[in-house]
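Count residues from 1 along the sequence.
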Amino acid sequence: MTGARGEVVALIPARGGSQGVPRKNLRRVGGVPLLGRAIGSALAASHIDRVVVSTDDPEIAAVAREWGAEIVDRPAAISGSTASSESALLHGLDVLGVDRGVLVFIQATSPFIDPVDLDAAVQRVIDGDADSLFSAVESWGFIWRDGVDGAVGVNHDLRVRPRRQDREMEYLETGAFYVMDVEGFRRAEHRFFGRVGIAVVPEHSAIEIDTEQQLAISSALAPLVSPAAPLDVEAIVTDFDGVHTDDHAYVDQDGHEFVAVSREDGMGVSLLRRAGVPLLILSTETNPVVRARAAKLGVDVIQGLDDKGAALAAWAARTGIDLERVAYLGNDVNDLGCFDLVGWPVAVPDAHPRVLASARIVLSRPGGDGAVRELAERVLRSLESRRKVS
């Protein structure tokens, strides 16, 4: 949207020291860090030219870069719990050298921001319909305050109880995003100025995460309102134990080892093969079970590896596949070397804590019970979308 009015910049303040939920910006909803969800929504909005994260925290900065954002290093003086969001926004604009255009202030604590809503809000500011604008949901709620002499009605007369259809509709600010004319914001140094508009958004997007309970509610809601996004990669590489299996082994009286695998995962691999998506299994152990399962699936396998990362790099060089376009699905610490090499490190939900912390995406299905199928479906959806476009 860059033009005579200047560019449209999305700024996401994300400091390291959150109070109610520790490391809140990096906590996951639907397998994706809250910060990653905010960045993804902004990048998917066609009207936004740049997506920038302002932070004082190196780990947050690294995650932001991983998800495609630019970084502004926020000084300690405006990174404490008493610092206003406006101070971070003004500092960010100064560092970026942005004096005009449109500013989109996004809060990562709102996990369900629709890019369509962002585009509509930006367009209203560009068209002059509003100087500043905020996201809100319609509300007919009765608000009360606890007074000295008992409860007091805030937005209603407690002696009158009108029907919903007889009440005037109000709007509840969600905190998800604010859109502002840059010049007006610089003058006002506040998010509300001039003609203030309301961007009405769906009710499910009103949730704002400030407590562990709200985080749990958002995680439960995510599969219903925010289906897993397609994953645009060229190949999938996986561990075996804990990914194709539940990480348990069964041994009979003669010492023969058995594992349980998922037919659902097998169908996922079959669909990948039909679509021409390469799949490789890497295993530290040398085990006939692994070889037999790979043969059954019709995929390549490399076993007996002391260094999975080196094997992965050699395979990528041999096949000509860019590791940035590879999804690696793992569950334990011996997968971390591969995580460092690929563009999309993916973990099963019951993975080792270090693996969960290093993953770009955490799946909802566990190893041996649909994890491979879940990843396969995300890759296949992306492939289908690319083919429709071409």
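The aromatic rings of F112 and H204 sit perpendicular, their planes meeting at an angle over 60°, well past the 30° parallel limit. Between H244 and F240, the ring planes are parallel. Angles under 30° get that label, and only those over 60° would be called perpendicular.
Exactly one of V52, T55, D94 qualifies for a side chain to side chain contact (heavy atoms under 4.5 Å, CB included) with V72. That residue is V52.
The existence of a salt bridge linking K308 and D239 is confirmed by a sub-4.0 Å separation between a basic side-chain nitrogen and an acidic carboxylate oxygen. The residues K24 and D210 are annotated as salt-bridged, a charged nitrogen and a carboxylate oxygen being separated by less than 4.0 angstrom.
For F134 and Y171, the distance between ring centers is not under 6.0 angstrom. For Y250 and F258, the gap between ring centers reaches or exceeds 6.0 Å.
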For this session: Begin with the C-alpha distance, continue with both residues' side-chain angles, and end with the deciding distance and a verdict on side-chain hydrogen bond (donor to acceptor under 3.5 Å, both in side chains) for S54 and R74.
Result: CA-CA 6 Å; S54 168; R74 197 191 316 183; 3.2 Å; yes

Exercise. Given R23 and D57, is the salt bridge (charged side-chain N to carboxylate O under 4.0 Å, His left out) satisfied, shown in steps?
Worked result: CA-CA 10 Å; R23 310 297 289 166; D57 187 282; 2.7 Å; yes

For this session: Apply side-chain hydrogen bond (donor to acceptor under 3.5 Å, both in side chains) to Q303 and N287, showing your working.
Result: CA-CA 8 Å; Q303 297 190 75; N287 192 321; over 6 Å; no

For this session: Mind running side-chain hydrogen bond (donor to acceptor under 3.5 Å, both in side chains) on D369 and S262 for me, showing each step along the way?
Result: CA-CA 6 Å; D369 189 22; S262 165; 5.3 Å; no

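Geometrically, R167 engages F142 in a cation-pi contact, judged by NZ or CZ lying under 6.0 Å from the ring centre and within 45° of the ring axis.
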